[in-house]
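Below, chain A is the first sequence line, B the second, and so on; all start at residue 1.
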Amino acid sequence: MLDYHSKTIEKKWQNFWKENKSFEPSDDFSKEKKYILSMFPFPSGRLHMGHVRNYSISDAFARYHRQQGKNVLHPIGFDSFGMPAENAAIKNGSHPKGWTYDNIDYMKNEFYSLGFSFSRERELATSDELYTKFEQAFIIDMYEKGLLYRKKGMLNWCPHDQTVLANEQVVEGCCWRCDTPIVKKDMNQYYFKITQYGDELLDDLKKLEGGWPKQVLTMQENWIGKSNGLAFDLFFDEESSVKLNSTFKSFDVFTTRPDTIYGVSYTALAPEHEIVTYMIENSLLSNDVIAEIKKMKTTSSIDRQKEKAGISLGLDVIHPLTGKKVPVWIANFVLMDYGSGAVMAVPAHDERDFDFAKKYDLPINAVIKPLEGELEADKAFTEVGELFNSGEFDGLNSKKAQYNIINYFEENKIGKKTTNYKLKDWGVSRQRYWGAPIPFVHCEDCGIVMEKKENLPVALPEDIEITGEGNPLDNHPTWKHCSCPACGKPALRETDTMDTFVESSWYFLRFCASPENWEKEAFSKEQIKYWMGVDHYIGGIEHAILHLLYARFFTKVFRDLGYIEFDEPFDKLLTQGMVLKDGAKMSKSKGNTVDPDAIIEKYGADTARLFILFAAPPTQELEWNDSAVEGAYRFIKRFYERSSKVQKSETIPKIDHASLSKEEKFARKKVYEALVRANDVYNERYTFNTMIAGVMEAMNALNTQENQDVWSEGYWILCSIMEPVIPHVASEISEKYFSLNNLTTQSVLEEVFVEDSMTLGVSINGKRRCEIEVALGESDETIIALAKESASKWLEGMTIIKEIVVPKKLVNIVVKG
RNA sequence: GCGGAUGUGGUGAAAUUGGUAUACACGCCAGACUUAGGAUCUGGUGCCGCAAGGUGUGGAGGUUCAAGUCCUCUCAUCCGCACCA
């Protein structure tokens, strides 16, 4: 009897792998490669179960492909810049750098105590100065290409702390630290021109079909939000123009539904619209109204979409086709970042416009009717249909009318066919310390000047105090003072740092570089060409839009800068679900976390990995269950202890299948079924839970017989299947009995699946009643006869209408009685 | 609010193409064994019913010989919404 001691076995193999550098990728580029990558973690302090899940999945892929003889790159790094380091500094007085690197050290130990097969030599942290150095060089290239520019943008500002706040730091419109109501401040910031790549980011989603989950492709498509429509100017009437001191004659609106234009009954501006701003600044609005607008502006964009609110401006514009007056409103649901920040409102055919019109008692003029049926009262009809009350366009269908109306506007030069995107340029400035400095210098004479590449990195000062007030780099006594790289005169460094999404937009390229060249170059074309794209990219669904879109954008930019030669970074994407406990996301504030260390201590890493892969398919949410963890532990224990039935062997045993008993045959069949399923899971389906269930079934079947060869063959295969999941115990058994020779590609023996009879279900009117056993290849007539006989009880007094035989599945007899 | 997903026994889940619903585990129940252990092993276990049988995949309709799977509506929960990463 063997005794399972997870600690001894796990320590032994973790040391073995470390000493033998078992998981370093080879530089032999003639081998077939697999690049397996999990989204790298932010070093928050300790691993949580979401991490364990993420890396258990990628590790299973990595180990499987190593078994298949592939050259596997499975790297790990830390996304180590970011706000939490500063929050910790504010809270505990720790230094962001020390806090970050202490966390990294701790988490690295946790990783290796879980047995993850990462390349140790390629570990990196994005806050490493070496990483910053190359990133800043890329930023300079992008600026020079015109892909990075400066413009004003609205930020959350706490007037008390004199600091910019992240959305997360705004709690109910107030500063998280001092509770001061926030204001919106217009500040100069840097933006990536991601919109320039909008069309390509959209079109290339097609290349990802099959490799990426459909839902992610749809989310990205909707996020880019390309829509075609009509843009035109709405002109103020005389009276309104005079009210505005003739400063504005018109404003621009965009609509995707020009066919509904005769139904316009009001127009709405975003509260941030320049006309509104002008009216506030020139005292054209009452204080009450101004206060209301202010409130709208500081409400989060999400809340603004919920309860509709508006204010009449007392202005009118002229409808471009009917010449009638149309009132101008401010509406909270109109967003300044989309289109022109102004809309024509057609309450009869748009739900939001409808709700708004109802609330403020504005006219609702229907101009589209359904092609079939009647218009429903008291509801916006948002489908396409046939036009009426639309002048010369009456009777046209929506599509034709859209075309004709756009043409009419273009011919009369009063509007233009326009394409709009929801996608906005990516703001990258952060007024914070713990991030990569933007390597620019402001010179009075030369304007914005790039730092010289030989001077990179522009590194962060370490003597810094993080108080939560102001911008730390700006407050530093000396750091920002420098000389202009162009003219040499005293100048000021840019004190904004970069959004941490920048680091995560190219780290997967950096991993392709062999460490001996790390100082010299970010990565080489040759290495990139070999390793990219990432074969399996695994991470949380919460990154479905932003991170993945930004990484795709950087890839395209790097391609256009000549660094790489492909369009998309991630061939296959697997989005994992969250880890829950008691039905809620594990979080410190809810107090429902489970510490991975405690699980490793109690049961071992293999148990943690097995449970997490067994409890649910990777894409689904995973409910933590303590006693199911125990069950995983017991399986491993059984798996280890029963290996004593195995005969030592250097090769897979040869078995004469025909001579076996029924139980022995069944056991072999189950083992090979598990193998077929495993190959399918590792290559196509990724449902590790069903693969593990298959192995458990095979184990149960092996246990019904005593044939030592069948046991040995079973373990030879099952250890190979399970090594990617429970590597320590599987390696231990494989070494002991098979000298590790079984950890390689396994071939499937078809002979074990051959059967001479099959069981068919018999249904009457689709309801399963009994089953029959028939010989393989039996004719349908015989099968039906057999089915009728065994189901005779349910057929008495009935008229048979139809008989259906579904091959190898069932017989359905349709009766009437 | 908009966009995306999910919903199956007491629990996590399975059912790959419309074809025998609940595989595999957890839990529970019963038994065996014992050096009394974090045991282990064997059997049972959707629900109602003594049974025959009925019923059953969030809810309501529909298509089909046949629906967890397809369609329409609806409810609940979760994810994202651009400065959390």
Side-chain angles (χ1 to χ4, degrees), chain A residues 39 41-42 44 79 82-84 87 155-156 164-170 189 213-216 218-219 221-223 225 300-308 333 337 351-352 355 422-432 499-501 504 540-547 549 575 577-578 580 583-585 602-603 614-617 619-635 637-638 641 677 680 684-685 687 689-690 692-697 700 703 759-763 765-771 801-804 806-814:
Chain A
M39 291 178 186
F42 175 80
S44 55
D79 190 14
M83 219 171 51
N87 291 347
L155 296 173
N156 304 314
V164 173
L165 298 175
N167 290 338
E168 195 188 50
Q169 296 173 316
V170 178
Q189 298 182 82
K214 266 202 195 75
Q215 81 214 60
V216 176
T218 310
M219 281 194 250
E221 188 185 330
N222 293 338
W223 186 261
S300 77
S301 60
I302 295 162
D303 288 337
R304 267 171 66 171
Q305 309 288 313
K306 287 181 187 163
E307 177 65 33
K308 307 226 164 12
F333 63 86
D337 330 285
E351 270 163 35
R352 291 176 307 175
D355 293 345
K422 284 209 186 89
L423 181 67
K424 299 183 278 187
D425 277 340
W426 169 14
V428 281
S429 288
R430 298 291 181 271
Q431 293 69 29
R432 296 204 181 88
D499 179 5
T500 57
F501 274 125
S504 53
I541 184 71
E542 65 273 22
H543 298 289
I545 295 173
L546 290 181
H547 161 61
L549 193 70
T575 49
M578 287 185 312
L580 312 178
K585 185 176 177 173
K602 196 168 174 191
Y603 303 106
F614 180 57
T619 52
Q620 208 165 303
E621 288 170 347
L622 182 146
E623 175 72 28
W624 189 266
N625 179 329
D626 288 322
S627 52
V629 174
E630 201 120 355
Y633 176 80
R634 286 203 301 264
F635 172 78
K637 208 167 124 104
R638 256 191 329 264
E641 286 168 0
R677 199 186 276 188
D680 192 29
E684 300 285 340
R685 282 168 31 91
T687 47
N689 55 328
T690 61
I692 294 162
V695 171
M696 287 173 170
E697 284 179 54
N700 292 345
N703 208 40
T759 308
L760 298 181
V762 178
S763 299
N765 288 344
K767 177 80 203 163
R768 184 178 171 275
R769 290 300 178 183
C770 57
E771 59 185 36
I801 297 168
K802 204 168 178 182
E803 292 148 344
I804 296 147
V806 183
K808 292 179 185 172
K809 302 267 181 189
L810 58 80
V811 181
N812 190 19
I813 300 171
V814 187

Exercise for review: Report which part of the nucleic acid A:Asn87 touches: base, sugar-phosphate, or nothing (heavy-atom distance under 4.0 Å, all strands).
Suggested key: nothing

Check your understanding: Do the side chains of A:Glu542 and A:His547 get nearer than 4.5 Å, heavy atoms only?
Key -> no

Check your understanding: side-chain contact (heavy atoms from CB on, under 4.5 Å) with A:Glu307: which residues, sequence neighbours excluded?
Key -> A:Lys359

Revision key, fill the gap. Per-nucleotide protein contact along nucleotides 24-31 of chain B, 5' to 3', at a 4.0 Å heavy-atom cut-off (B base, S sugar-phosphate only, - neither), is BSSS----

Review point. What is the distance from CG of A:Asp303 to C1' of B:C2, rounded to the nearest Å?
Key: 13 Å

Check your understanding: Any side-chain heavy atom of A:Val814 sitting closer than 4.5 Å to one from A:Asn765?
Key -> yes

Point to revise | Partner residues of A:Trp624 under the ring pair (Phe, Tyr, Trp, His ring centres under 6.0 Å) criterion, sequence neighbours left out | key: A:Phe611

Check your understanding: Would you say the side chain of A:Ile541 lies within less than 4.5 Å of the side chain of A:Val216, judging by non-hydrogen atoms?
Key -> yes

Point to revise | Per-nucleotide protein contact string for nucleotides 79-85 of chain B (B base, S sugar-phosphate only, - none; heavy atom under 4.0 Å) | key: SSBBBBB

Point to revise | Atom pair distance, as rounded to whole Å: NZ in A:Lys637 and P in B:G38 | key: 9 Å

Practice item. Decide, for B:G4, between syn and anti: a glycosidic angle within 90° of 0 counts as syn, anything else as anti. Key: anti

Exercise for review: For A:Ala615, report the nucleic acid contact type (base, sugar-phosphate, nothing); a contact means any heavy atom under 4.0 Å.
Suggested key: sugar-phosphate

Check your understanding: Roughly, in whole Å, what's the span from CG in A:Asp680 to P in B:A14?
Key -> 14 Å

Study note, to complete from the structure: For RNA chain B, the dot-bracket notation using Watson-Crick and G-U wobble pairs below 3.5 Å, [ ] for pseudoknot-type crossings and | for other-strand pairs, is (((((((..(((......[....)))((((((.......))))))(((....)))..(((((..]....))))))))))))....

Review point. Mapping A:Leu810 and A:Arg352 to their closest nucleotides on RNA chain B, which lands nearer the 5' end?
Key: A:Arg352

Check your understanding: On a whole-Å scale, what distance lies between the P atoms belonging to B:U42 and B:A36?
Key -> 22 Å

Exercise for review: Considering only atom C1', compute the distance from B:G59 to B:C65 and round it to an integer number of Å.
Suggested key: 27 Å

Check your understanding: Considering residues at least two apart in sequence or located in another chain, which fulfil the side-chain contact (heavy atoms from CB on, under 4.5 Å) criterion with A:Ser44?
Key -> A:Phe42

**Study point:** Pairwise side-chain contact, A:Arg638 with A:Asn703, heavy-atom cut-off 4.5 Å (strictly under)
**Key:** no

Exercise for review: List in chain and number order the residues that pass salt bridge (Lys or Arg N to Asp or Glu O under 4.0 Å) with A:Lys306, two or more places apart in sequence or in another chain; answer none if no residue qualifies.
Suggested key: A:Asp303

Practice item. Taking atom C1' in both B:G27 and B:U35, compute the distance separating them and give it to the nearest angstrom. Key: 29 Å

**Study point:** Rounded interatomic separation in angstrom, taking CG from A:Asp626 and C1' from B:G38
**Key:** 13 Å

Review point. Does some side-chain heavy atom of A:Asn156 sit less than 4.5 Å from a side-chain heavy atom of A:Gln169?
Key: no

Study note, to complete from the structure: Residue set satisfying salt bridge (Lys or Arg N to Asp or Glu O under 4.0 Å) with A:Glu803, at least two apart, ordered chain then number -> A:Lys788

Review point. Should the ring pair A:Phe501 and A:Trp426 be called parallel, tilted or perpendicular, given that the plane angle runs from 0 to 90° and is split at 30 and 60?
Key: perpendicular

Nucleotide N/O to protein N/O under 3.5 Å, stretch nucleotides 61-69 of chain B:
{"residue": "B:C65", "atom": "O2'", "partner": "A:Asn812", "partner atom": "ND2", "Å": "3.3"}
{"residue": "B:C65", "atom": "O2", "partner": "A:Asn812", "partner atom": "ND2", "Å": "2.8"}

Point to revise | Rounded distance in Å between the P positions of B:C47 and B:G9 | key: 12 Å

Point to revise | Integer angstrom distance from the C1' of B:C84 to that of B:C79 | key: 14 Å

Check your understanding: Ring-on-base stacking between A:Phe333 and B:G1, under 5.5 Å between centres and under 30° between planes: is it there?
Key -> no

Point to revise | Length of the line joining A:Leu580:CG and B:C78:C1', which is rounded to integer Å | key: 8 Å

**Study point:** Spacing of the P atoms in B:G46 and B:C24 (rounded, Å)
**Key:** 13 Å

Check your understanding: Please give, in whole Å, the distance from B:G10 C1' to A:Glu623 CD?
Key -> 14 Å

Practice item. Determine the interatomic distance between P on B:A23 and the same-named atom on B:A13; round to the nearest Å. Key: 15 Å

Revision key, fill the gap. With sequence neighbours left out, the residues meeting salt bridge (Lys or Arg N to Asp or Glu O under 4.0 Å) with A:Arg768 are A:Glu771

Review point. Using a cut-off of 4.0 Å on non-hydrogen atoms, how would the nucleic acid contact of A:Lys308 be classed: base, sugar-phosphate, or nothing?
Key: nothing

Check your understanding: For A:Arg677, which contact category applies under a 4.0 Å heavy-atom criterion: base, sugar-phosphate, or nothing?
Key -> nothing

Exercise for review: Check every strand shown and say whether A:Gln215 touches a base, only sugar-phosphate, or nothing at a heavy-atom separation below 4.0 Å.
Suggested key: sugar-phosphate

Review point. Would you say the side chain of A:Met39 lies within less than 4.5 Å of the side chain of A:Asp79, judging by non-hydrogen atoms?
Key: no

Practice item. Could you state the atom-to-atom distance from CZ of A:Arg685 to C1' of B:A23 in whole Å? Key: 13 Å

Check your understanding: What is the distance, rounded to the nearest whole Å, between atom CZ of A:Arg768 and atom C1' of B:G19?
Key -> 13 Å

Exercise for review: Tell me, please, which residues at least two apart from A:Arg432 pass salt bridge (Lys or Arg N to Asp or Glu O under 4.0 Å).
Suggested key: none

**Study point:** OP1 or OP2 of B:A13 under 4.0 Å from side-chain N/O of A:Gln620
**Key:** yes

Exercise for review: Taking atom C1' in both B:A60 and B:U16, compute the distance separating them and give it to the nearest angstrom.
Suggested key: 30 Å

**Study point:** Partners meeting side-chain contact (heavy atoms from CB on, under 4.5 Å) with A:Leu580 (sequence neighbours left out)
**Key:** A:Met578, A:Lys585, A:Glu621, A:Glu623

**Study point:** Euclidean distance, A:Gln431 CD relative to A:Leu165 CG, rounded to 0.5 Å
**Key:** 10.5 Å

